[in-house]
2 protein chains.
Amino acid sequence: MNLLPNSTMSKSYLHTEIYEKIKQDIISGKLREQTRLASIRKHAEFLAVSTTPVEMAYRQLIAEGFIESRPRRGFFVVKMSEMYRNLDMAQVQYLDSSLPTLQAQKPEYIYDFHMSKIDFAYFPIQEWKRLLNQVFNPESVDMLFYGDPQGEPGLRSEITNYLYQFRGVNCQADNIVIGAEQHLLIHILGQILKDHSDCVAVENPAYPLVYNTFQTTGYQIYPMPMDAGGLDPTALKASHARIVSISPSHQFPVGTVMPVSRRLELLEWAKEVDGFIIEDDYGGEFRYQDKPVPSLQGLLPNDNVIYLGGFSQVLAPDICIHYMVLPDKLVPLYHQYRRKVMMEGSSSRIHQNTLELFMKNGSFERHIRRMRNVYRKKNRELLTAIQQHFKNKATVIGASAGLHVILQIHSHWSEEDLTAIARKEGIRISPATGFYLDETPGQKQFIVGFGGIKLNCINEGIGLLHHIWTPMLQ
Amino acid sequence: MNLLPNSTMSKSYLHTEIYEKIKQDIISGKLREQTRLASIRKHAEFLAVSTTPVEMAYRQLIAEGFIESRPRRGFFVVKMSEMYRNLDMAQVQYLDSSLPTLQAQKPEYIYDFHMSKIDFAYFPIQEWKRLLNQVFNPESVDMLFYGDPQGEPGLRSEITNYLYQFRGVNCQADNIVIGAEQHLLIHILGQILKDHSDCVAVENPAYPLVYNTFQTTGYQIYPMPMDAGGLDPTALKASHARIVSISPSHQFPVGTVMPVSRRLELLEWAKEVDGFIIEDDYGGEFRYQDKPVPSLQGLLPNDNVIYLGGFSQVLAPDICIHYMVLPDKLVPLYHQYRRKVMMEGSSSRIHQNTLELFMKNGSFERHIRRMRNVYRKKNRELLTAIQQHFKNKATVIGASAGLHVILQIHSHWSEEDLTAIARKEGIRISPATGFYLDETPGQKQFIVGFGGIKLNCINEGIGLLHHIWTPMLQ
DNA sequence: ATGGATTTGTCCGTATGTATG
DNA sequence: TCATACATACGGACAAATCCA
């Protein structure tokens with residue numbers, strides 16, 4: 001990189017270049033943790049530019065959690081352990097769907113701990129619009145026509161890179177299928193796996209999308225018991241199922257992170273029975289404590305994993321872009337089915353191409369890092385608040401990743417009643433037992449999301465919740 | 001050269017003059033390399049003109065490699081050594097930007113009679129972008145979140161009005177379900193009709209989307225014979241099916257328009273057997289000869305018709321908005337299924353809301369009327385051309401509506417061969433017999449679309465087609 | 001130890017290229 | 001063509017933190 005003033009740099013911005021350089025130095029280890037960066041003035045003088053771009057670069061690095069500012073003392077590279085501290089975003093998109101429209105029903109919660117809410121305050125809307133305008137102009141009207149039903153090749157290629165770098169997934173662009181809705185993708189999956197098996201083993205509890213879609217497609221569903229490591233392989237082997245659906249990076253709703261040993265065991269199983277593991281990795285980007293666990297898909301050279309991902313949590317639901325990564329042997333089956341039912345693309349090419357640019361120019365990566373920090377703070381605030389108010393009258397489960405935790409209490413009151421009482425005071429939380437396929441746990445469990453609520457409302461909300469629940473706690 | 005504002009320069013453009021002046025100064029050495037030019041505003045003020053011509057002049061100089069832009073810092077004269085290299089670069093860049101996006105350019109076909117192509121020359125892209133910007137701004141970030149899974153209420157309401165006014169469909173906004181893909185909607189339909197019947201009667205030939213989707217969902221498919229009025233009700237009654245799928249306004253691919261008497265007969269049948277008619281009305285907007293026939297759905301007060309429509313043909317495929325109109329008694333079943341599989345909205349709210357405004361302010365109606373005229377001209381041109389060239393050696397079927405006709409000829413050659421021969425000469429048409437479910441008709445049939453091809457290419461293309469086919473015609 | 005000088009993060013006003021309408 | 005909005009870049013002001021005689 002050349003930052004001398006008389007160098008030719010007609011394309012990129014100064015602050016972006018400075019940011020990139022420092023980021024690389026941190027990642028590569030050239031800048032060790034706790035190292036103090038050159039001061040803004042010094043750095044600016046060295047580069048012979050003004051202080052502003054340097055300052056902007058530093059701020060971006062702070063937002064993404066690479067460095068921290070100690071006022072009047074300097075900027076310091078943060079500890080690696082902190083850098084990866086992020087809850088992985090839970091894949092929960094559970095909308096309160098018992099109501100006809102989410103829109104119309106606005107009971108206006110004051111403290112909204114809804115689990116699928118995310119924080120749009122930091123969405124780079126200007127950048128997005130800029131790219132959108134770049135993509136969509138009078139010269140590109142042809143983009144209004146049908147595109148590749150599998151998804152725009154350029155975007156699939158970007159997703160490939162991203163998955164490799166961030167989730168350790170190994171695939172080619174041809175393995176990726178893009179769709180506007182998770183249900184649609186699972187439905188396709190159900191169709192192309194029909195000849196392989198007629199039953200699916202699932203985690204219990206679990207998010208109903210996958211198992212209900214398979215069930216309505218004609219599959220039998222086998223609920224599997226779970227332990228601290230996630231789904232129990234022994235039970236799986238005994239079931240004689242050949243397809244299993246899991247969410248190893250942050251199990252819904254419990255938040256279990258499946259250890260690597262168990263992942264390997266499952267991969268071994270899949271190979272033995274020639275089965276398939278459906279790895280639902282929605283939100284695997286967000287972890288708060290340690291480094292993200294590599295995905296099953298990329299753990300071993302393997303042809304038995306179907307990886308599911310999407311941009312709802314990590315960017316915005318409205319762009320309607322989800323994807324699945326099919327092993328090579330399933331790709332022809334997909335095309336066969338796609339042709340048979342005359343499938344068109346379901347995700348708008350305008351959004352797809354905008355997202356491609358967004359990923360290509362680094363904005364996406366920056367956004368993820370920034371959001372990871374934002375959510376980490378909220379996560380910490382929530383845990384502190386629960387500890388402070390509930391003390392030993394509550395247990396928290398699954399707090400190391402995702403955008404929600406499980407709050408577990410003892411009470412004779414039903415989860416529904418407790419939820420209703422909270423709602424009356426303007427607090428939104430959700431009961432968790434609805435996600436169990438059969439028997440429910442002894443304690444009362446609630447899903448407390450922290451993605452959408454403002455940081456400074458968290459403590460207040462939890463305090464109020466504890467206050468109104470006090471008579472009902474044991 | 002005089003650049004004073006009062007000077008008379010009737011011929012040349014301002015920006016050209018400014019450009020020439022600076023270019024001369026650079027070439028003559030008056031402006032040394034690395035010199036910073038006056039900023040756009042300063043220069044404009046000095047010349048007492050607006051900033052735009054100065055900006056254009058600077059851009060031209062950049063394109064030709066005389067100067068470079070350092071963002072937010074100024075424009076600088078490039079080094080002479082680089083100037084010649086840049087000249088080449090500029091050339092390349094110019095070529096690049098003159099290409100109308102990478103995607104579309106497939107110069108394979110000179111005369112593209114593809115059936116699903118539509119004419120984007122008249123798409124009101126500026127108006128659309130205006131509305132898009134109105135809809136999508138920093139204040140509306142919340143629109144990036146999940147919306148109503150059934151579709152935005154505002155848009156559903158607009159569609160209701162439109163359907164009533166243009167297609168004679170009677171419904172409420174609550175009856176409309178919006179989805180990103182036809183296959184998805186039919187799939188949902190298949191799921192919620194499961195308890196009603198396990199077989200579907202379909203037209204033969206037909207577009208495979210509906211029947212193959214039903215078939216993979218587990219339904220049996222009954223192909224029904226057709227006559228000049230469309231699907232034969234006698235055969236339908238004999239089949240004991242209770243669900244039938246038809247496209248009465250412009251049957252695919254034959255183009256039959258079902259007369260009102262037959263429609264009434266079918267409605268009668270549906271009532272008797274408590275069955276359902278799936279009315280696929282794609283392309284019903286475009287009729288060229290007489291008034292549009294009212295849809296079955298609105299013909300009689302009836303609770304047995306499911307209406308299918310979308311905006312792919314009439315506006316643009318890429319907005320990914322299709323819809324179905326469910327009778328009241330099916331609406332609860334839809335919600336039940338939607339909740340069970342945790343369905344989210346699949347069409348982008350940004351597009352939905354933009355479309356809503358587009359319909360609300362009358363642009364949509366104007367666009368339809370305009371396109372109807374455009375396609376009518378092309379339709380007439382195509383018929384004239386076929387008559388002129390093929391004379392009595394070809395028959396045309398289904399020419400009164402839609403965006404394609406069936407060209408029917410006698411030949412010993414296969415449809416595939418004839419299609420291939422046409423392709424070699426740069427003509428794209430499609431064989432029609434692939435759409436028959438069993439036996440094929442005696443004559444060779446081809447689908448000739450006229451939506452995408454330029455008006456003045458039609459006669460030429462048909463002439464060429466006739467010319468190359470002459471030896472094979474009987 | 002101390003007070004002044006220096007360094008530093010932070011904030012702000014202005015200028016500029018770019019995009020939009 | 002003009003006017004406007006916006007993010008960036010420049011350079012300076014200020015107070016807190018640090019350093020040094």
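Chain letters run A, B, ... following the sequence lines, proteins first and then strands; every chain starts at 1. Everything numeric in this text was worked out from a predicted model, so none of it was measured.
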With a 3.5 Å cut-off and no angle check, do the side chains of [X] and [Y] form a donor-acceptor pair?
| X | Y | answer |
| --- | --- | --- |
| B/Asn361 | B/Glu127 | yes |
| B/Asn133 | A/Lys129 | yes |
| A/Arg376 | A/Asn373 | yes |
| B/His367 | B/Tyr122 | no |

Length of the [atom1]-[atom2] vector between [X] and [N], whole Å:
| X | N | atom1 | atom2 | answer |
| --- | --- | --- | --- | --- |
| A/Ile18 | D/dC10 | CD1 | C1' | 13 Å |
| A/Ile40 | C/dT7 | CD1 | C1' | 12 Å |
| A/Tyr13 | C/dA19 | OH | C1' | 10 Å |
| A/Trp128 | D/dA7 | CH2 | P | 18 Å |
| A/Leu47 | D/dG11 | CG | P | 14 Å |
| B/Arg36 | D/dC10 | CZ | P | 11 Å |
| A/Leu14 | C/dT16 | CG | P | 16 Å |
| A/Ile125 | C/dT20 | CD1 | P | 14 Å |

Query raised in the report: Which heavy atom in B/Phe358 sits nearest to a heavy atom in B/Leu315, and how many Å separate them?
Result: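 Closest approach of B/Phe358 to B/Leu315, heavy atoms only: CE2-CD1, 3.8 Å.
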Closer than 4.0 Å, any side-chain N/O of [X] to the OP1 or OP2 of [N]?
| X | N | value |
| --- | --- | --- |
| A/Ser50 | D/dA9 | no |
| A/Arg59 | C/dG9 | no |
| B/Asn133 | C/dG21 | yes |

Query - B/Arg366: salt bridge (Lys or Arg N to Asp or Glu O under 4.0 Å) partners, not counting sequence neighbours - result: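 B/Arg366: no salt bridge (Lys or Arg N to Asp or Glu O under 4.0 Å) contacts found.
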When we call it a touch if two heavy atoms are under 4.0 Å apart, what does [X] touch: a base, just sugar-phosphate, or nothing?
| X | answer |
| --- | --- |
| B/Thr51 | nothing |
| B/Lys42 | sugar-phosphate |
| A/Tyr58 | nothing |
| A/Arg41 | base |
| B/Thr52 | base |

Query - Residue met sooner reading DNA chain C from 5', once B/Gly74 and A/Arg70 are mapped to nucleotides - result: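 Final value for this comparison: A/Arg70.
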Query raised in the report: Considering only side-chain heavy atoms of A/His15, which listed nucleotide, D/dT8, C/dT18, D/dC10, is closest?
Result: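 Side chain of A/His15 sits closest to D/dT8.
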Requested in this report: Would you mind telling me which of D/dT8, C/dC11, C/dT8 lies closest to the side-chain atoms of A/Glu55?
Outcome: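 Nucleotide nearest to A/Glu55's side chain: C/dC11.
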Identify all pairs in which a protein N or O lies below 3.5 Å from an N or O of nucleotides 16-21 of chain D, and state each distance.
| from | atom 1 | to | atom 2 | distance (Å) |
| --- | --- | --- | --- | --- |
| D/dT18 | OP1 | A/Arg73 | NE | 2.3 |

Query raised in the report: A/Phe76 ring centre to A/Arg70 NZ or CZ under 6.0 Å, with the angle to the axis within 45°?
Result: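 Yes, A/Arg70 sits over the ring of A/Phe76.
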Query - 5′-ward residue of the pair A/Gln126/B/Pro53 relative to DNA chain D - result: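 Of the two residues, B/Pro53 wins.
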Requested in this report: State whether B/Glu152 and B/Arg156 are salt-bridged, where the test is any N-O pair (Lys NZ or Arg NE/NH1/NH2 against Asp/Glu carboxylate O) under 4.0 Å.
Outcome: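 Salt bridge: no.
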